[in-house]
2 protein chains.
Amino acid sequence: MAGKSNARAVFAAADHDHDHCIDSALDAASGLCARRGARLTAQRRRVLALVWRSHAPQGAYAILATLHRDGHPAAPPTVYRALDFLLAQGLIHRIESLNAFVGCPTPDTPHPGHFLICDGCGAAAEVNDRRIGAAIRRSAGDVGFRIERQTIELRGLCPECQGTGQEPAHGD
Amino acid sequence: MAGKSNARAVFAAADHDHDHCIDSALDAASGLCARRGARLTAQRRRVLALVWRSHAPQGAYAILATLHRDGHPAAPPTVYRALDFLLAQGLIHRIESLNAFVGCPTPDTPHPGHFLICDGCGAAAEVNDRRIGAAIRRSAGDVGFRIERQTIELRGLCPECQGTGQEPAHGD
DNA sequence: CGTCTGAAGGTTATATTATAACATTACAAT
DNA sequence: ATTGTAATGTTATAATATAACCTTCAGACG
C-alpha cells in the first residue's frame, strides 16, 4: 500500500515530470537574480541544475563528478563557491545531517527550511509548517533565546516508501 | 543587560560548578550502563568526560587532542568508536550543524534532542519542548511521513550573550 | 574604443571530519 | 587454563571543506 489517501502531497510523485521541476527552478532563479542584480553565471546555473537533478539532496562532490562527466571539469572550490552563492540567494538549502544540498522550491521569500527526508528514496521535502515555526519561536522565547538560524531535519520514510521494506538505497 | 528575568534557565549560569556537571554525568552513565549490562570502559568514560568538558559541543578531533595532552594518546577510530557507543546509549547527542558532540543531561529516557545553540559562548542547551514535538508530529502526520529521527538545532544567542556584541568566539 | 576595477573562476595545496580493514589485547564465562 | 567475543590498537585512506594566490572576464566610465 503506497497510497497516501487524503494527505497533502509534499513529496513529488514517482512519475512526475522532473525536467519541469528543473526548468522552473532555473527560470525562477534567473528572474530572481535579474531583479536583485545578482549574477547567475553559467557555472552557477550548471551547479543549480545539478542540485535540482533530483529531489534527493546532492553532495558537493557528487556535483563535482557530474560536472566532470558533463565536460565541465572543476575543482572543489569552484563548486563550493557556486553553492555559497546559491545559498546566499536562497536558491538552495544545505541539509546538515547529509552534508548535501537541495533546491528550494520557494526562493522568493526568505524562510528557514524545515525538511522531511526519506531514508528510502532519499528525497527531501520542504514543509515550513506554521505550527512548527510557532512552537519553536515560543519555546525559544520562553527562555530568552534569540534565534538566528534553524536546522530542522526530520528523517524517516515518506508515504511511498513505507511498507516496502525500504531503508537504505538512494533513489535518484 | 545580561539578565533573563523570569525565563526558565536552560543555559548553565556562567559561574556554575561545572565539575559537578561532569561528575553527575559520569555517575549517571555508570549507573545506567551497569543496569543495562553495557560496558563503560575507561576509554569510553574518558571520552564521555571530555564531551562534558564544556556545555559547548566538542568535535571528535578536539577530544582526540585532549586525550593526547592528558597522556592517553589514541587514533581517530578509537574516539569515534567511543562516541558511537555513547550515542547508542543515549549518553551524548550529535550536533549535525557543528559536527560535534554534547552530553545529554537526561540519558535515562530516550528522546530526540532539541537544541538551542549559542553562537556567542558556544553552549548548547537541550530543550525537548512538548510543543515542538507535538507540532512536528502533527506536521509529519498530515502528510503521512513516518519520523525515525530528528535533527532540531536552533542557532542564535543565549540571554547572556545578547547585547554584548558577541557572535564568533567559542567560550569554554 | 580603451582601460580600469572588482567579481568570478582557476589552481594548488591542505585542513578537517570520518571510516575501512585488519591485528592485537582484555575480559568474563566456563 | 581455554576460549569466544567485545574492545582497542594500527595503518591507511575516504569524504568533506577551505586557504591562498593567480588569472580572466564583464561591465562602468571616461
Side-chain angles (χ1 to χ4, degrees), chain A residues 29-30 33-34 36-51 56-68 70-89 91-102 122 151 153 168 170, chain B residues 29-30 33-34 36-51 56-68 70-89 91-102 122 151 153 168 170:
Chain A
S30 297
C33 287
R36 288 180 187 167
R39 291 168 57 187
L40 185 62
T41 63
Q43 192 75 266
R44 290 165 173 176
R45 196 181 169 82
R46 273 195 295 273
V47 171
L48 180 58
L50 291 178
V51 169
Q58 303 289 305
Y61 280 76
I63 290 168
L64 199 51
T66 311
L67 283 173
H68 276 266
D70 291 354
H72 295 285
T78 298
V79 170
Y80 280 101
R81 284 191 287 230
L83 291 170
D84 285 345
F85 169 85
L86 298 170
L87 285 169
Q89 296 300 324
L91 293 166
I92 63 175
H93 294 284
R94 179 180 165 86
I95 304 297
E96 299 289 350
S97 61
L98 294 173
N99 294 332
F101 303 84
V102 73
T151 299
E153 300 170 7
H170 220 69
Chain B
S30 296
C33 288
R36 288 180 187 166
R39 290 168 58 187
L40 184 63
T41 63
Q43 192 76 268
R44 290 166 172 174
R45 196 181 169 83
R46 273 195 295 274
V47 170
L48 179 59
L50 291 178
V51 169
Q58 303 289 304
Y61 279 76
I63 290 168
L64 199 52
T66 311
L67 282 174
H68 275 266
D70 291 355
H72 294 285
T78 298
V79 171
Y80 280 102
R81 285 192 287 229
L83 291 169
D84 285 345
F85 169 86
L86 298 170
L87 284 169
Q89 296 299 324
L91 293 166
I92 63 174
H93 294 284
R94 180 181 164 84
I95 304 297
E96 299 290 350
S97 62
L98 292 172
N99 294 332
F101 304 84
V102 72
T151 299
E153 300 171 8
H170 221 70

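Protein chains get the first letters and strands the later ones, always in sequence-line order, with residue 1 at the start of each.
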Q | Test side chain to side chain contact (heavy atoms under 4.5 Å, CB included) applied to Phe85(B) and Leu40(B), step by step | A | CA-CA 9 Å; Phe85(B) 169 86; Leu40(B) 184 63; 4.2 Å; yes
Q. Quick check: does any side chain N or O of Arg44(A) sit under 3.5 Å from a backbone N or O of Arg39(A), one acting as donor and the other as acceptor?
A. yes
Q: Using atom CG of Leu40(B) as one end and atom C1' of dT8(D) as the other, report the distance to the nearest whole Å.
A: 15 Å
Q: Compare side-chain N and O positions of Asn99(A) against OP1 and OP2 of dA17(D) and report whether any pair is under 4.0 Å apart.
A: yes
**Q.** side-chain N/O Arg45(B) vs dA7(D) OP1/OP2, d < 4.0 Å
**A.** no
Q. What integer distance in Å separates Arg46(B):CZ from dG9(D):C1'?
A. 13 Å
Q | Opening and closing nucleotides of DNA chain C in contact with chain B, under 4.0 Å to non-hydrogen atoms | A | dT17(C) to dC27(C)
Q: Please determine, for the side chain of Gln43(B), which listed nucleotide (dG9(D), dA17(D), dA6(D)) has the closest atom?
A: dG9(D)
Q.
What is the separation between atom CD1 on Ile63(A) and atom P on dA17(D), rounded to the nearest whole Å?
A. 10 Å
Q: Determine, stepwise, if the pair Leu48(B) / Arg45(B) fulfils side chain to side chain contact (heavy atoms under 4.5 Å, CB included).
A: CA-CA 5 Å; Leu48(B) 179 59; Arg45(B) 196 181 169 83; 5.6 Å; no
Q: To the nearest 0.5 angstrom, please state how far the CZ atom of Arg46(B) sits from the OG1 atom of Thr41(B).
A: 8.0 Å
Q: Please state whether the phosphate of dT8(D), meaning OP1 or OP2, lies under 4.0 angstrom from any side-chain nitrogen or oxygen of Thr41(B).
A: yes
Q) Mind checking whether Leu50(A) and Gln58(A) have side chains closer than 4.5 Å, heavy atoms only? A) no
Q. Heavy atoms under 4.0 Å, any strand shown: does Arg44(A) hit a base, just sugar-phosphate, or nothing?
A. sugar-phosphate
Q.
Closest-nucleotide mapping onto DNA chain D: is Ala74(B) or Arg94(A) further toward the 5' terminus? I mean the 5' end.
A. Ala74(B)
Q: Round to a whole Å and report the spacing from OH of Tyr80(B) to C1' of dT8(D).
A: 17 Å
Q.
Base, sugar-phosphate or nothing for Arg81(A)? Non-hydrogen atoms, less than 4.0 Å.
A. base
Q: Nearest-nucleotide wise, let me know which of Ala75(B) and Ala100(A) is further upstream toward the 5' end of DNA chain D.
A: Ala75(B)
Q | Worked verdict on Ile63(A) versus Leu83(A) for side chain to side chain contact (heavy atoms under 4.5 Å, CB included) | A | CA-CA 10 Å; Ile63(A) 290 168; Leu83(A) 291 170; 4.2 Å; yes
Q: Give a yes or no on whether a donor-acceptor pair under 3.5 Å exists between the nucleobase atoms of dA17(D), that is its base, and the side chain of Tyr61(A).
A: yes
Q | Check: Glu96(B) main-chain N/O paired with Glu153(B) side-chain donor or acceptor under 3.5 Å | A | yes
